[in-house]
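One structure is given here, and the rest of the page talks about it.
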There are 2 protein chains.
Amino acid sequence: MTHSDLSVVDHLFLDLSSNPIKNATKNRILDCAIEQFSRKGYTGVSIRDITREVGIKESSLYKHFRNKEEILETIFHNFRLDTLRILPPLDRLDEILELLGPVKFLERGLHNFKQHAADPIMQKIWRILYIEQYREPVARDLYLNDILTKTIDCLEAAFVKLIEHQRCKPLHPRTLAVEYQYPIFTMISEYIMLKSDQQDTAHVEQMMSDHLTFFCMAVLV
Amino acid sequence: MTHSDLSVVDHLFLDLSSNPIKNATKNRILDCAIEQFSRKGYTGVSIRDITREVGIKESSLYKHFRNKEEILETIFHNFRLDTLRILPPLDRLDEILELLGPVKFLERGLHNFKQHAADPIMQKIWRILYIEQYREPVARDLYLNDILTKTIDCLEAAFVKLIEHQRCKPLHPRTLAVEYQYPIFTMISEYIMLKSDQQDTAHVEQMMSDHLTFFCMAVLV
DNA sequence: GTCTATAGTAAGATAGAC
DNA sequence: GTCTATCTTACTATAGAC
C-alpha cells in the first residue's frame, strides 16, 4: 500500500504531537495493536503478531513507529485526550451545578462516561490500562492521576458547593466524593470486562443507576 | 543443593494437591516467580529470569515444575486457599450475625481481609491477579467467582437476615451488599498497589473505616 | 513505504552426565 | 536434583533493494 486507503480504517488516531494520523497503515497498526494488547497484554504481543494481522512485514512497521514502546505511548496518548470529555471544566463547575442541580449533575457524569466508553476502541484501551498499570509507570500515572484523582477532586469541589448551598448533608466533602465514586470505579471495571467480551452490560448500568439513587437518598437534603 | 535447606525459605507453599512443599528450591522458585510476576506480569518474566534469581539453571527448574504455566497455577492455588479465611462460613452466618451485630460483623470482615493482606506474598499475588485477570481465564475465574461474587453473595445473605431482624432499613439486600462492598473493592486495589510498593496505607485504611461508618449511618436502624 | 534478508538476542524446553 | 550443552523457535530491530 503506497497511498493511504482511508476507506478501510475504522478509527483515526492522533500522533504523539496530537496531529491526526492520515496514513491508513499507521492507523491500522494502532487498531490491531489495541485489539491484541487488550487481550494478551503488551509483553504478550509481538511485533510479528501485529504486522501479521495488519498484513505488512515487521520491517515496514518501523517506518511508522520507532519501536514497540512508541505504539503503546501513542495508544495511551489518544486515550488521555478522549477522557478529558468526561469531567466538566472545573472553572465552570459552579455554573453547571446551579443549572443542573445535584441529581442531574451526577447523571450527566455517568452519561458522559458511557458516551466515552461506547467506543470499542476506548473499551479496549481501558483494558490495556488495567493490565499495564502495575508494570508501566506511564499507564499507572494515567490511571491514578488522570482518572482516579481528577474525578475525586472534581466531585469534592462539587460537594463543597452543594453543602454551601445546603442541598447536601454537611458531611466531609472528600468522604462524599469517595462514597459516590468508589463503587462506580468497581462498576466501570466490571463494565469494561463485559463490554470487551461483547457481553451484555445492562445489569451494570442498572447498578450504576441504583447507586446514584441510593446515594442521593442518603446524602441530599 | 541436594538436600532441602529450609532455613533460607521465607514461605512454605502448598502444591497443586494441597500438600506442603518441603523442598527448599521449589519454595524459592515460587517465591521468586511471585516477586517477578507481580512486577512484570507473567509474560514479562522468563524462566531464565526466575532461575537466575533462585540461583539454579533453567533445566533444574523443570525437575520441580512441568512448565511455566504450572508455576502460575500453583501460585493461584495457594492464593485461593488463603482467601477462604476472609469470609465467614455461610452455614454459621446466622449465629455469627446474632453474636456480633451488624457493625462488628462488618468490622470483622475488614479485619480478616487486612490479616490476609498483611502477608507480603498475598499482596504480590493480588497484584498478579489484577494483571492476569484479563489474559488468563483461571485468574479471571478466581477473581470474579472466588472474590467478587462470593463476597457479595455472603453480604446479601447477611442483609436478608438483618432486615428480617429489623436492624437495617428494608432496602433491596443485593443493593445493600453492592453499596457496602463495591467501594471496598476499589480501596483494596489501592491498598494492594501501595503495599506492594512499600508505601503507607494508613489513609486507605482510614477510608475503609470512614466508609463503614457512613454506610452504617445510612442504612442501619 | 513496502519488501527480502538477516543480524543478534532471548525464549521455552529437553538430553544426558554426574 | 543439579549441572553443561543444545534444540528449536521466536523476539526486536536494521540494512538495503525496489
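Keep in mind that this is a model prediction, so the values were computed, not measured.
Ring centroids of A:Tyr42 and A:Phe76 are separated by 6.0 Å or more, keeping the two rings apart.
When the side-chain nitrogen and oxygen atoms of B:Tyr62 are compared with OP1 and OP2 of C:dA13, one or more of them lie within a distance under 4.0 Å.
Straight-line distance from the CD1 atom of B:Ile29 to the P atom of D:dT2: 7 Å, rounded to whole Å. Put simply, CD1 on B:Ile50 is 12 Å from C1' on C:dA11, counting in whole angstrom units. B:Lys26 has its NZ atom 12 Å from the P atom of D:dT2, to the nearest Å. Counting to the nearest Å, the C1' atom of C:dG1 and the NZ atom of A:Lys22 are 18 Å from each other. Atom NE2 of A:His64 is separated from atom C1' of C:dT2 by 9 Å (rounded to the nearest Å). The CZ atom of B:Arg66 sits 14 Å away from the C1' atom of C:dG12 (whole-angstrom rounding).
Between B:Thr186 and A:Tyr182 the shortest heavy-atom distance is OG1-O, 2.7 Å.
Inter-axis angle, ends of the helix from C:dG1-D:dC18 to C:dC18-D:dG1, five pairs per end, rounded to 10 degrees: 0°.
Note on B:Val45: only backbone sugar-phosphate atoms sit closer than 4.0 angstrom, heavy atoms only; bases stay farther off. Base contact: A:Lys63 has a heavy atom under 4.0 Å from a base atom.
No cation-pi contact links B:Lys124 to B:Phe37, judged by a cut-off of 6.0 Å to the six-membered ring centre and 45° from its axis.
A salt bridge links B:Asp197 to A:Arg140: one of the charged nitrogens lies within less than 4.0 Å of a carboxylate oxygen.
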Taking only N/O atoms, report every protein-nucleotides 4-10 of chain D pair under 3.5 Å with atom names and distance.
from	atom 1	to	atom 2	distance (Å)
D:dT4	O4	B:Ser59	OG	2.7

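Checking A:Asn27, A:Leu14, A:Asn78 one by one against A:Ile21, the side-chain contact (heavy atoms from CB on, under 4.5 Å) holds for a single residue, A:Asn27.
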Item to check | Steps toward ring-ring contact (aromatic ring centres under 6.0 Å, His included) verdict (B:Phe159, B:Tyr180) | outcome: CA-CA 10 Å; B:Phe159 286 119; B:Tyr180 178 70; 7.0 Å; no
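Taking the side chain of A:Asn67 as heavy atoms from C-beta on, and the options C:dA11, D:dA13, C:dT2, the nearest nucleotide is D:dA13.
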